[in-house]
Amino acid sequence: MKRCLILFLSAVAASGATESAAQSSRSSGASDIYVPREVQAAYDNGTRSEDGHPGPEYWQNGADYRIHVRFDPLTGDLAGRETIAYRNNSPEDLRNLVLKVHPNMYRKGSARDMDASPEDVGDGVTLDAVTMNGEALDPSPGAGEVSHFLNGNLLVIPGPIPAGETAAVELEWHYTVNRGSHSRTGGVETTTWFNAYTYPRIAVYDDIDGWDLTAYRGTAEFYNDFGDYDVTIEVPEGYVVWATGLLQNPDEVLAPEVSERYQAALASDEIVHLVDSATLASGAVTAMAGPSGMNAWHFRADYVPDFAFAVSDHYLWDASSLVVDPATGRRTLIDAAYHPDSPDFYEVAEVARNSIDYMSRVFPGVPFPYPQETVFNGADEMEYPMMVNDRSVPERMYMVSLTSHEIFHTYFPFYMGINEIKYAWMDEGWATFGDFFITNHLHTEEPLRLFGVEQWETDIGGWNDLPIMAGSGQARHPAYFHASYPKPAFFYLMLRDMWGEERFRDVIREYIERWNGKHPTPWDFFNTLEDVSGEDLGWLIRPWFEEYGAPDLAIGAVDREEDTYRIEIVRVGRNPVPIEITVEFEDGTSEVLNESVSAWKDGVGTHTVSVPARGEIRSIVLGNWNTPDANPADNRYPRGD
Ligand SMILES: [Zn+2]
């Protein structure tokens, strides 16, 4: 997500990414979708293709991280050292390396588009040592050897890193993790923490924009290259660590009984209570530490775009595993760690398991790509590779929606390495669409509405209702929210409605097949949709993604011709949407008719629907609660009903 941000931050000013505006208007293919010059250059250079495949010259850089962290859960003090192997696969020699230091969002003077508790604002990250290819550099801002920009949010280390070569970077740093202003990361309560963005990382250098020079300010999310992570986290005895990656040394860090249960969960379809209240009461959760009093938790994760970890000394822990790929028998360990008083987390491991089963078998029908998924009872609604930081929520339906939403992000933006800073809709629309189906599948007591449509309706057709591309890449809340969550989710919904479940899934799977482990842009997505479906989709993509406008249908003339009613539907707004009408006859019977959005394919302004007449019409209602409409007053017949 983060989905909850909109609930209390919708009025906060945000600053968008520093993307360069395209100066020329070009188009590709028959659909006439707008192509910025950076994307056209990628076609011309052969790194991407107009048919939606990665180009013959496609490349991306990557970095492997070996990290050692020491964390004090009483103070929040974190000290780390890391060795990064950065591969320059680009055809250019890089003069410098750019690093991002996200915790410096809390540094005094940093621009933020969210509030920060005064106690969290301080000196930020102190760099204790920087080494580039074996050469030690003075990391202090005054020395001039490492350049500090935007209050240390960006660091530049001199290269060069010639094309095709690998640079070795070593860093040591320390800082105090934010405790009072939990935003995606930080203190949860007393001795519980969800720690993300804890390590300086190499920014992405790609074929579209070169270096990504945006600083993290709180709203816009992230963009990371893929790499292998080998991370050791030292915490005091009694604290459990959950993290991205499989735990490599359960015997060394868990109490013998908990370690046995952990091994059992790796092969168990049933939920195993690794730590229950009796275990907590006994105090025998972790292994006894040596003289240092610290346990070192070792995790490894292959080919992931980020790493996060969580810590607590008083959480319950449930786990089981699931065969996610019947062809190979590969299992995923699925676990939930939570506060004993949480009203909903006792069920989360089961819901997470059922969600991952749905994802692997039904939609997208791609085996869950990771060996592990932990849902941690934190203080936010946020996704990481193999980790989720979710707060407790009071309603079961919302718990299912939240759990499935965050886990669904595994595919986008992690398995598909999406630039969320520029194209937040690519992963938020996806996760919103996915949690809609999974929740309505797993929680059948009441229907879930497409997340965010209600908020969007308050602004629909107004100043804050921006084209998806502009809104999710450049705008502030609430325009950012509407453009990133409900609008693209609704676009997915329209495609599924138009193509049918199976064909839609096949097209999406082909997109995933082409771009997993890479960095797809919106144009790679659009081109793939058109290439695989064989359809020109400009009539649908242009109004939703590029142009100002809103969905607004109205009931026009209603005429009876003998046994048939002809009901005219008028497209008042520019954005095409599916047609659903419910006709009620005087005899009390009713009829529901659906037409997909393709009714508007030819750019027409009206569309006529025919209904067999069973006597006089009492009423007609146009639309349904998942289909937004800027002016619902004209969706009823007779008017003023
Ligand atoms: Zn999300």
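Start at 1 with the first residue, then count along the sequence. Predicted, not measured: the structure shown is a model, and the values here were computed from it. Order of listing sets the numbers, starting from 1, for every ligand and every atom in it.
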Which residue in the set Glu406, Glu189, Glu381 passes salt bridge (Lys or Arg N to Asp or Glu O under 4.0 Å) when paired with Arg391? Glu381
Hey, can you tell me if Phe491 and Phe525 have their rings parallel, tilted or perpendicular (30° and 60° cut-offs)? perpendicular
Considering just N/O/S atoms, say which atom of His409 is closest to the Zn ion (ligand 1). NE2
Is it true that Glu373 and Arg353 make a salt bridge, defined as a side-chain N closer than 4.0 Å to a carboxylate O? no
Glu383 near the Zn ion (ligand 1): N/O/S under 2.8 Å: no
May I ask you to test the Trp430-Phe408 pair for a side-chain heavy-atom distance under 4.5 Å? yes
Of all N, O or S atoms in Glu428, identify the one at the shortest distance from the Zn ion (ligand 1). OE1
